[in-house]
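Let me begin by presenting the structure, written as structure tokens, before commenting on it.
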There are 2 protein chains.
Amino acid sequence: MRKRVNALAEQLLETLEQQGYRSTSPRRAVAQVIANQDKHFTAENLREQLPSLGRATIFRSLKLFVETGVLCRVLLEDGDLHYQLSHRGHHHHLLCVECGSSQDLLGCDIEELLQQTSASHGFELSGHWLEVYGRCRSCSKSESSAELAAV
Amino acid sequence: MRKRVNALAEQLLETLEQQGYRSTSPRRAVAQVIANQDKHFTAENLREQLPSLGRATIFRSLKLFVETGVLCRVLLEDGDLHYQLSHRGHHHHLLCVECGSSQDLLGCDIEELLQQTSASHGFELSGHWLEVYGRCRSCSKSESSAELAAV
DNA sequence: ATCATAAAAGATACCTGGTCTCATTAAGAG
DNA sequence: CTCTTAATGAGACCAGGTATCTTTTATGAT
């Protein structure tokens, strides 16, 4: 398990290196921490876990990891933007509002639908942002148990 | 034209009053200004136009106008959140990345599609956020003219 | 018309996200 | 091992946004 995590961190760094960025000790530290996150997080969360790093460095690393496709940004229901590990390429998230976990939404024909709809509004589509909120399988299960218990 | 604008501002205030909020002079000023905006705007934009109002008051008014359904928040492509006049109820925006104008996206069966897709991921859907980016009719026209001219 | 009271405003401090500059340090190519 | 360039850290700065506290003001009751 620990080995797994370190492997992931190394993988993240490799991604940077492959794109011509240096592997520095702050970046190694950041990679280590984000590889350990199981849900979306903020710059501040990172800072708490890496108090020795400069503020600017945190933000620069985040930006870099987003640019290189290691991280993506997720929009929370209240409008806050958080970061999370990204499984490359364009995708959407099913965000659990209960536990903060997220699943990727794949094989969704929303692109096509949007294309049609925009065109019918005289709109030349160039991009979109979609986030989906709800309860993941395990949270909706415990939710129902709680309801039963309350009766 | 001027009369129209004032009428809209009054309408916004009425919405507040109907929901039990007082009609104060700062709120009248804010209503006046937002009734005049033709695209999305930030708190800072508002502050520039209303330098005599306290900062907190600006934010409080914005929040209030959002809560009462007068304003809605729009997510820009870069993650910035702006405000714009809302035509009540749940809807999405077609945001022109060129001129900043926006159209409402109506009669889109995305809800249904999302419902199905989430269910197939064991996800109990509770909400979503969608923004669509592109070029509005008039901007894509002038874009093509520019291209032609450049040749 | 006045008055009480609750709501709202303004000032201010604070927190977070995020960028910029500038001087110093360190990665890694040769 | 050295040189160059990228990256860091400190710090100032700006915007969004909230909390607290004191003063003002809108409105309902008299």
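Chain letters run A, B, ... following the sequence lines, proteins first and then strands; every chain starts at 1.
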F41(A) atom CZ is separated from dT16(C) atom C1', nearest whole Å, by 16 Å

Here the distance between atom P of dG18(C) and atom CG of D78(B), to the nearest Å, is 11 Å

Of Y21(B) and K63(B), the one whose closest nucleotide on DNA chain D sits nearer the 5' end is K63(B)

In whole angstroms, the gap separating C1' of dA9(C) from CZ of R22(B) amounts to 12 Å

Here the distance between atom P of dA8(C) and atom CG of L62(B), to the nearest Å, is 15 Å

### Task
Find out whether H128(A) and E111(A) are in side-chain contact, i.e. whether some heavy atom of one side chain is under 4.5 Å from a heavy atom of the other.
yes

**Message:** Using a 4.0 Å heavy-atom cut-off, does A56(A) contact any base of the nucleic acid, only the sugar-phosphate backbone, or nothing at all?
**Reply:** base

Y83(A) OH to dG17(C) C1', in whole Å, measures 8 Å

Taken to the nearest whole Å, CD/E48(B) to C1'/dA15(D) is 11 Å

Keeping E131(A) on the side-chain end and L75(A) on the backbone end, is there a donor-acceptor pair under 3.5 Å? yes

Please work out if R47(A) contacts a base, only the sugar-phosphate, or nothing of the nucleic acid, heavy-atom cut-off 4.0 Å. nothing

Between CD of E44(B) and C1' of dG18(C) the distance, given in whole Å, is 15 Å

**Item:** Check: dG18(C) base within 3.5 Å donor-acceptor of R55(A) side chain
**Value:** yes

| message | I'd like to check H91(B) versus C72(B) (side-chain heavy atoms, cut-off strictly below 4.5 Å). Are they in contact? | response | yes

- For the base of dG10(C), is there a side-chain donor-acceptor partner from R60(B) under 3.5 Å away? yes

Separation of dA10(D) atom C1' from I58(A) atom CD1, nearest Å, is 14 Å

Looking only at side-chain N and O atoms, does S23(A) offer a donor or acceptor that is under 3.5 Å from a partner on R28(A)? yes

Next on the checklist: Taking any heavy-atom pair under 4.0 Å as a contact, classify R27(B): base, sugar-phosphate, or nothing.
Outcome noted: sugar-phosphate

